[in-house]
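Numbered from 1 within each chain, the chains take letters A, B, ... in sequence-line order.
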Amino acid sequence: MVGVALSRWTMSYFATAVIALLAAEGLMLAGIGYPQAPIGAPASLLLVHLIAIGWLSLLMCGALFQFAPVLVAKPLYNNALPLPTLGLLIAGLAALLLAFLQLGGTIHAPFGLFPAAAVLLGAGFGLVLWNLGRTLWAARPLPLPARFVVVGLCCLAATVLFGIVFALVRGGVTAQSQLVDVAALGLPIHVIAGLGGWLTFTAVGVSYRLLAMFMLAPEPEGRTTRGALYFGTAALAAIILGGVAAICTATNLMWAVWAAGVLGIIGLALYGGDILHLYRTRKRRVIELNSRMAGVALANLAATVALGLGLLLAGRFTDHVGVIVFLVAFAWLTGFGLAKLYKIVAFLTWLECYGPVLGKTATPRVQDLVTEPRAKKWFALYFVAVWVAAAALLFTLPWLFRLGAGAMLAATIGIGFQLLRTRRLANVAPALRLPKGARPPHLLHSSVQPS
Amino acid sequence: MTTQFMDVDVRPTLRAGGEPFGEIMAAVAKLPPGQGLRLLATFKPTPLLQVLGSKGFSHEAREIGGGDWEVLFTPGAAAGTAPARTATATDDSAWPEPVQHMDNRDLDPPEPLVRILAATETMAQGEVLSALLCREPAFLLPELAKRGHAWHGGFEPDGKTYKILIRVGAAKQAA
C-alpha cells in the first residue's frame, strides 16, 4: 500500500456541482418547473436532472474519486481520467438540458439532442464506473462501507442505462417495442435506482466511514450493518431487476415496488440503528458542525421515510410523490452533501497547503480554515427553508414554495461563500496563513506534489 | 515443477512482543531463485502479503488452528526482479528498536498525522518511531514517502489497532 494522494480534480467537481445547485434553486425561485409545471413536464425534467446529475452526481463522483481510495486503502486506478470524465459529464448534462428545452419547444435545433446527451453521459458515467470499479476490484476483499459503494455504482449503471433508453426512445432513434415499453413504464425504476440506489446507498456507505472518523466512534461492522447492506441490496435488486422483468413480461410493476419498499424500510431501519449507535458511542463529546448537520440530514431521511409510509397508508402517495422526491433530494441528500462538503473542502485544502510543512513549522489546524458560527446560520436557514418548501408542496401553496426556494438559494450562496473562504485560506490568521514552504491552493484543482 | 519452501516461524518472535519484519525480509533475501517461503505467524500478516506481492510472490494463506496462520509464498516469474514500489520493500535489514512510542488512537483526525510528522522531524536518521492508530493512515503514507522515511504497518491481531513503524530517512538511504 502506498497510501492515498489528493485527487487533483475533486475541487472542480465540487465547484461545478455547487453552481448546478445554485442554478436549480434559482429556477425553483423563478417558478420554473415543478410545482408550477406538472411533474413530468419538460421544465420539471430539466430541473430534476440539473439537480440529480449536475449537483448530486457530480458531488458524489468528486467525493468518490477522493474517498473510494480511502475506503479501501488503495490508490485510484487512474488519476488522469477524472478531468476528461468531468468534461463529458458537463457536456452531456448540457445536451440533456437543451434536449428538454427542445422537447418543450423552447428551442429549435436541427438535430436530436437526446441521442447526443445519451452518448456523452453514457461515456462520462462509463468512465466513472470504469475508474472506480477498477479501484475497488483491485482491493478485494472489500471492507463493508466499500460494498455499499459497489451496490451504489451498480445502481448508477442501471440508472444510466434506463436514461439512455429513455433518451433514445424520446429522441426517435429507436422504436423497438420492448425499449418503448421500458421508456413508458420504467420511470419509477429510473428514479429509485438513481436517488435510492446510486445516491442514497452510496452516501450510506460513505457515511459509515466518515461519521465514525469525524466523531471518533468505533466503525459499526456487525450484523446490523451487514443486514442494512443485504436488505438494501435486495430492495434495489427487487425494484430494478424485478421491475425490468415485470415490464418485459407485461405484469404489474406494483409487486416489485412493494417488495422493494418492505425490504428497503428494514434496511433503512437497521442503518438508522447503526447511526444512532455511532452518535451515542462516539468518544468525541463536542462534535463539529459537519457531524451535527449530517445528523439533521439523517433525521430528515427518517422523517421522509415516515411521511412516505403515512401517505402510502392514507392512499395519498401518488398525489404527493413530488414532496417525497423533493425531501430525498434536498432535506436528505443535499443536506448531507453540504454538511460533508464543509468538512471535506477544509480538510483537503489543509492537507494540500500545510501537509508538506507539518512538523517543520507552526501550521494552522484544519478547524482554523473554517468559521463554524458563521456557517451554522446558513445551514440553519437552509434546513428551515427546505422544511417550509416541503410543507408548501404538501399543502399546495406555490407562492410559499418559491419563498422557501429563495431562502434555500440564499443559504446555499452563504455556504458556498464559506467554502470559497476556506479554499482561499481567508479564515486563517494572516501570520499563520502561508508559512515558508506552503503554497496557496488553487481554487479548482489540487496540486499533487511529487513523491 | 514443485516449489521448495523455506520455513520461517515468526510465532516465537511475535509472542515475545517482537517485530518479525526484518527476520522475514532477511529470509526472503536469502531465498535461492525459484524457492518459496513458508511463513508461520500468530495472525494473518495482511500488509506482508502486499509487500511480498510487490516482490512478485503469490500467496496462499490458511488458518492452522489455535489462531495461527500458515502462508505459502510462491515466487512468480517476476520474483526478485520486480521493482520495489513501497518504501517498506526497499529496506531489507532488521530495524532497530523504536526510540519513541505514540498512542494516537484517541485523537481526532488529522491530529495523529500531525503528531507523527512532527515527531519524525525531531528524530535522527535511522531512528524508529512506533505509533498506534485507530485506522489505516491513508493520507500519512504519501507524506512519509515524500520525506524519505521508510515505514511498515498493519492491523494488530485485535483487528482494531493499526500499528505503524517508521524509520526516519531510511528510504532516502536505500535509494
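The contact between A/L358 and chain B is made by backbone and side chain atoms together, counting heavy-atom distances below 4.5 Å. Only the side chain of A/K283 has a heavy atom closer than 4.5 Å to any heavy atom of chain B. Only the side chain of A/F347 comes within less than 4.5 Å of a heavy atom in chain B; its backbone stays farther off. Proximity to chain A (any heavy atom under 4.5 Å) is restricted, for B/L107, to the backbone atoms N, CA, C and O. For B/R115, no part lies under 4.5 angstrom from a heavy atom of chain A.
A/K360 NZ to B/T120 OG1: the interatomic distance, rounded to the nearest 0.5 Å, is 8.5 Å. Rounding to the nearest 0.5 Å places CG of A/L216 at 5.0 Å from CG of B/D108.
Annotation: ring pair (Phe, Tyr, Trp, His ring centres under 6.0 Å) contacts involving residues 107-127 of chain B, sequence neighbours excluded, are absent.
The local environment of CZ in B/R11 is crowded, with over 12 non-hydrogen atoms from other residues, nucleotides or ligands closer than 6.0 Å. By the 6.0 Å contact criterion, CD on B/E60 is open, its count of non-hydrogen atoms from other residues, nucleotides or ligands being 12 or less. The local environment of CZ in A/R285 is crowded, with over 12 non-hydrogen atoms from other residues, nucleotides or ligands closer than 6.0 Å.
Closest non-hydrogen pair, A/A73 versus B/E136, comes out as CB-OE1, 3.1 Å. Across all non-hydrogen atoms, the minimal contact from B/L117 to A/G355 is CD1-O, 4.4 Å. In terms of heavy atoms, A/A5 sits closest to B/P142 at N-CG, 4.4 Å. Nearest approach of B/F139 to A/V4, heavy atoms of both residues: CD2-O, 3.7 Å.
Within residues 139-153 of chain A, no residue has any heavy atom less than 4.5 Å from a heavy atom of chain B.
With sequence neighbours excluded, the residues forming a side-chain hydrogen bond (donor to acceptor under 3.5 Å, both in side chains) with B/E23 are B/T13, listed by chain and number. For B/R62, the side-chain hydrogen bond (donor to acceptor under 3.5 Å, both in side chains) criterion is met by B/E70, not counting sequence neighbours.
A side-chain donor-acceptor contact under 3.5 Å links B/R147 to the backbone of A/P356.
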